[in-house]
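By convention in this document, chain letters (A, B, ...) are assigned in the order of the sequence lines, proteins followed by strands, and residues within each chain are numbered from 1.
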Amino acid sequence: MPRHTALAIADAVGGTLTGNGAVVLSRVAHPADTLGAGDLVLAIDPKLVPFLDGKQVTAMIVSRGVDVPDGMAQAVIAVDRGRLAMSALTRLFAETVPVAPGIHPTAVVEDGAKIGQNVTIGAQSFVGAGAVIGDNCVLHPQTYVAPRATLGADGLVYPGARIGMNVVIGARSIIHFNASVGADGFSFVTPEAGSVEQAKASGGGTVTAESNNQLLRIASLGAVIVGDDVEIGANTSIDRGTIVATRIGNGTKIDNQVQIGHNVTIGDNCLICGRVGIAGSAKIGNRVVLGGAVGVADHVSIGDDAVAMALSGIAGNVQAQSVVGGIPAMPRDRLMEQFMSIGRLKQFFKKIEDLTGRIDKLEGPVKKD
Amino acid sequence: MPRHTALAIADAVGGTLTGNGAVVLSRVAHPADTLGAGDLVLAIDPKLVPFLDGKQVTAMIVSRGVDVPDGMAQAVIAVDRGRLAMSALTRLFAETVPVAPGIHPTAVVEDGAKIGQNVTIGAQSFVGAGAVIGDNCVLHPQTYVAPRATLGADGLVYPGARIGMNVVIGARSIIHFNASVGADGFSFVTPEAGSVEQAKASGGGTVTAESNNQLLRIASLGAVIVGDDVEIGANTSIDRGTIVATRIGNGTKIDNQVQIGHNVTIGDNCLICGRVGIAGSAKIGNRVVLGGAVGVADHVSIGDDAVAMALSGIAGNVQAQSVVGGIPAMPRDRLMEQFMSIGRLKQFFKKIEDLTGRIDKLEGPVKKD
Amino acid sequence: MPRHTALAIADAVGGTLTGNGAVVLSRVAHPADTLGAGDLVLAIDPKLVPFLDGKQVTAMIVSRGVDVPDGMAQAVIAVDRGRLAMSALTRLFAETVPVAPGIHPTAVVEDGAKIGQNVTIGAQSFVGAGAVIGDNCVLHPQTYVAPRATLGADGLVYPGARIGMNVVIGARSIIHFNASVGADGFSFVTPEAGSVEQAKASGGGTVTAESNNQLLRIASLGAVIVGDDVEIGANTSIDRGTIVATRIGNGTKIDNQVQIGHNVTIGDNCLICGRVGIAGSAKIGNRVVLGGAVGVADHVSIGDDAVAMALSGIAGNVQAQSVVGGIPAMPRDRLMEQFMSIGRLKQFFKKIEDLTGRIDKLEGPVKKD
């Protein structure tokens, strides 16, 4: 890991330094780790401080206001918003995965590819004819950039990532292991009304006749257009559009194992968590958060700043700034009410039995008359 | 994109041409795109026609019966079934991802592989000994075909796709980025009754003793056998069978991020949408549609022409031609009724309170007696 | 397939041999297969024996106590615990995927990588500087081992698997097609309170102001540390930790399409089925079984020997040895009760209507008074 003084770190994380700012730190450590000289111990969560009882460490980073016993650390950095400090701190100590500079002799760069300044193309990577690789991009080994794909400046592409033809990716992108950007959309049509169409026509209950004997492919003519500062997780798939492009806005972060269908548009600064699936032509606004494994139906719209709880299934439009959950997704308050109602069912069934008994009794003498 | 006359396009899509059939079209465009000469504007959805108000375009394709103002387009093609027309239209304009013909010098083709006529094997691809590659197959860069795997004629394999040993894939297959066909099944056994067996024996409620201290692997001797005209999506996994093969029928289309377990059989012309998971030994009939993220339990059977709604969890057998949804999946009508019932709970709880009050009142004078 | 005598097989599977132990068997077959000489027919499930009526086969393996008609098989092996026998049997007949021994000339092994004895590195594979490959490891073609990653002895790595920097994997691991071990965690922070924080602060109902205009990355300094005898499925992703490592215990088996987030710890001998997702910092005990597509929320703890039913969503801690299901997950007994309650709703609504009618009647005369 890189090395920094406590003072430099305090500056970078916007923290307040106490003690010796000149100590040099070479590792960020957890209080439960075996600690040694040069460790900056991360104890932003106050519950972690007791782990250090009786120990002497080089430096600590804690939440402002937390008491650190005298002599425990040569330097203490106190911060206000811990996770924010973590961003600056981890950036300081992050190590770049080394890759030999320049174009590796085993890489294949087809004639007509445009390679920017200071680009690294790792071993066994492929860049097709007409592809454009922006300045300072680092393509690790075993990446694939199709003919006529464009990767903006300062991009970072990890092994096994696949960037399809005509795909355009903005600046400062990070594309992780085995991500697929620009495979064909999943779009088929039957000559006669297919089974899903029949079921809809019949009110949803049944398929009325054998169909789907022929599934005709609708090819994907559109590309995928990805903005700047986008991160695409490992083993994630983003399909190209049918006519217009599938679009991912600036600053949006996409986790692993995500499936984004053809024609989908996602706005800026969204957080798309692991295992999410977004069906064809859905429209996701700006700053939307989709929790883990959320499913979004085709053609649905989700408003700006909406949050979908993990595992929810979004079958209809979602309002801006709302929080939804459940399958099908509904406002969170209603979902919680439903969970509570279902939890109370047994007691209500009991109540109904009681009432029945009381009514039986009330009716009893009437019948005797 | 390829170029075609309006007349040729009208013929291909089975549409009716009005205007100048000789105009040459070089792009399919959306009405909201910046339009130019040579654009065929796709306005099959009548709501899109107003986007063109006051514009003059080269050609349009619309649904039959929709009015197109005079002078808006030099040629108009009217079609009956829009999505069907889309299939023919996109096929006309689809571009093949270019790949240098023949076997790239960086490809590794082991001795004893049988390569058909007119086969392309892209850079950094691997074909193992005893593998058979059918005529006209195109293997893009960085694909892997294991020893003794067979790929039928006219196959199209995209970068990162992996085809395992003894796997047999039919003609005209399309295998997308990073798909896995023929990894080992997930099958283990414990020497004594394992935790799941114990839970079942105890009625499902608890695991009665520590177990699973040893997980013994059951190896996969079976292959994966895939029919003709099958499409396998990006980052999808299809595992080999234990003794007999995992089988995918002709014409079945599988989307991205799908998981198909060992011994599964899937019939012909099924549509398996993104993120679906099918556990070991499940049997899926013909023309079945599994919506996004559907889960199918092991050993379950699904009848022909059945449709499973997105996010449903199929725990038991499903009848032919039925439409099911929910977790656990049930007929759609029943699911809708349940959703409605749950939505009405609050009001029924209120009713019970009212009835209780009324009974209290009725009882009141009785008690006074 | 390998060849073995009936006697050797009976010994290996711990079964009892009847008949001619010297017959040589070269294939494990299903009763419904076309059978020939040298087939060992697997009929552990007694329902499969009738498939063989009137046939004469070389050998059969059956459950102890099942009657095999005289003359049906030259040798019969009877076993007690069928699945356990399957483990030994399939191990005997499993074929290794062939790969040319040694380091393939197209493989790239950077200076400073430490390669053990008897290691195979397939075509187009990459091993970075400082990586350590244990004795007897087999890296198939097109694998990636990052600089400074460590792979223990006897490891088996299939094409497209990616092992990230500083990742440590124990002995006898099996890593399938396109698995990702050691991509960065998905961890971001907003300078001000983000939308999810706002929603929590407001009681969960809404996002109170536009936020998430800046998503700052928290880099992953931690590694992934994987124990011995671990299997990692195709297209599965395991992210590195933020400060400490993501950890997978000894003997744990992970299926395909699984997502394991940063800082997660998983104990020994767990079974993690296909499509499972485990969010950041969750702690999974030993011998835990997570069924297909289970979701585990961040920071949740799951006790030893717990079983989560397929498709469940674990939002809170789970007790050791418990069986849970549903979204959110609850003890299985309670879930079953809830399903039953919901199924009875319609009939209870009817009851309430009846009671209302009866009360109306009871009140009737009162009002007339």
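The closest donor-acceptor contact from the side chain of A/Arg287 to the backbone of C/Glu210 lies at 3.5 Å or more, if one exists at all. A donor-acceptor pair is defined here as one N or O able to donate and one able to accept, closer than 3.5 Å; no such pair exists between the side chain of C/Arg358 and the backbone of A/Glu363. Within the 3.5 Å criterion, the main-chain N or O of C/Ala293 finds a donor-acceptor partner in the side chain of A/Arg275. Side chain of A/Asn178 to main chain of C/Asn178: a donor-acceptor pair is present (N/O by atom type, distance under 3.5 Å, no hydrogens or angles).
With a 4.5 Å cut-off on non-hydrogen atoms, A/Cys273 touches chain C through its backbone and its side chain both. For C/Ala279, no part lies near chain A; criterion is any non-hydrogen pair under 4.5 Å. For A/Asp33, the part lying under 4.5 angstrom from a heavy atom of chain C is the side chain only. For A/Ala32, no part sits under 4.5 Å from any heavy atom of chain C, backbone or side chain. Only the side chain of A/Ile174 comes within contact range of chain C, with heavy atoms under 4.5 Å apart. Neither the backbone nor the side chain of C/Ala129 comes within less than 4.5 Å of any heavy atom of chain A. Both the backbone and the side chain of A/Ala94 come within less than 4.5 Å of a heavy atom in chain C. Interface remark: A/Gln319 contributes no atoms to any contact with chain C (heavy atom separation under 4.5 Å). For C/Ala149, no part sits under 4.5 Å from any heavy atom of chain A, backbone or side chain. With a threshold of 4.5 angstrom between heavy atoms, A/Pro331 does not approach chain C through any atom at all.
Residues A/Val289 and C/Val207 form no side-chain contact, since every pair of their non-hydrogen atoms from C-beta on lies 4.5 Å or further apart. Annotation: side chain of C/Glu192 is not in contact with side chain of A/Arg81 (no heavy-atom distance under 4.5 Å). Inter-residue side-chain proximity for A/Asn235 and C/Thr236 is flagged as unmet; no heavy-atom pair is nearer than 4.5 Å. Put simply, the side chain of C/Pro147 reaches to within 4.5 Å of the side chain of A/Val97, judged on heavy atoms.
Put simply, OG on C/Ser211 and CD on A/Gln321 are 8.0 Å apart, with the number rounded to the nearest 0.5 Å. Within the model, atoms CD1 of A/Ile359 and CG of C/Leu362 stand 7.0 Å from one another, a figure rounded to the nearest 0.5 Å. Residue C/Thr242 holds its OG1 atom at 10.5 Å from NE2 of A/His30, rounded to the nearest 0.5 Å. Distance check: C/His262 NE2 to A/Asp255 CG gives 9.0 Å after rounding to the nearest 0.5 Å. A distance of 10.0 Å separates CG in A/Asp229 from CG in C/Leu215, rounded to the nearest 0.5 Å. To the nearest 0.5 Å, atom CD1 of residue C/Ile352 and atom NZ of residue A/Lys351 are 11.0 Å apart.
The minimum heavy-atom distance linking C/Pro328 with A/Phe339 is given by the pair CD-CZ, 3.5 Å. Residue A/Ile272 comes nearest to C/Phe186 through the heavy atom pair O-CZ, 3.6 Å, listed as atom of the first residue, atom of the second, then distance. The two atoms that bring A/Gln257 and C/Ser237 nearest to each other are OE1-OG, 2.8 Å, heavy atoms only. Across all their heavy atoms, C/Ala219 and A/Thr90 have their closest contact at N-OG1, 2.8 Å. Considering all non-hydrogen atoms of both residues, C/Val108 and A/Ala123 come closest at CG2-CB, 4.1 Å. The nearest pair of heavy atoms linking A/Phe177 to C/Gly164 is CZ-CA, 3.9 Å.
Considering only heavy-atom pairs separated by less than 4.5 Å from chain C, the leading option among A/Pro98, A/Gly274, A/Ser322 is A/Pro98. Heavy-atom pairs under 4.5 Å with chain A were tallied for C/Gly185, C/Pro191, C/Gly295; the largest tally goes to C/Pro191. Counting heavy-atom pairs under 4.5 Å between each of C/Leu216, C/Ile243, C/Leu311 and chain A puts C/Ile243 at the top. The greatest number of non-hydrogen atom pairs below 4.5 Å with chain A, out of C/Thr206, C/Asp298, C/Thr208, is found for C/Thr206. With respect to chain A, the highest number of heavy-atom pairs below 4.5 Å among C/Thr106, C/Asp184, C/Asp354 belongs to C/Asp184. By number of non-hydrogen pairs under 4.5 angstrom with chain A, the leading residue of C/Met165, C/Arg217, C/Gln338, C/Gln124 is C/Arg217. When the candidates C/Arg148, C/Gln214, C/Met340, C/Gln198 are compared by the number of heavy-atom contacts under 4.5 Å with chain A, C/Arg148 comes out ahead.
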Notebook entry, point to check: Between C/Tyr144 and A/Tyr158, does a side-chain contact (heavy atoms from CB on, under 4.5 Å) hold up when you go through it step by step?
Noted result: CA-CA 10 Å; C/Tyr144 171 81; A/Tyr158 285 103; 5.9 Å; no
Would you check, one step at a time, whether the test salt bridge (charged side-chain N to carboxylate O under 4.0 Å, His left out) holds for A/Arg83 with C/Glu197? CA-CA 12 Å; A/Arg83 277 181 66 82; C/Glu197 287 170 271; over 6 Å; no
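Tested against C/Ser195, the residues A/Val307, A/Val323, A/Leu271, A/Asp304 include a single side chain to side chain contact (heavy atoms under 4.5 Å, CB included) partner, A/Val307.
A side-chain donor from one of C/Asp239 and A/Asn256 sits under 3.5 Å from a side-chain acceptor of the other.
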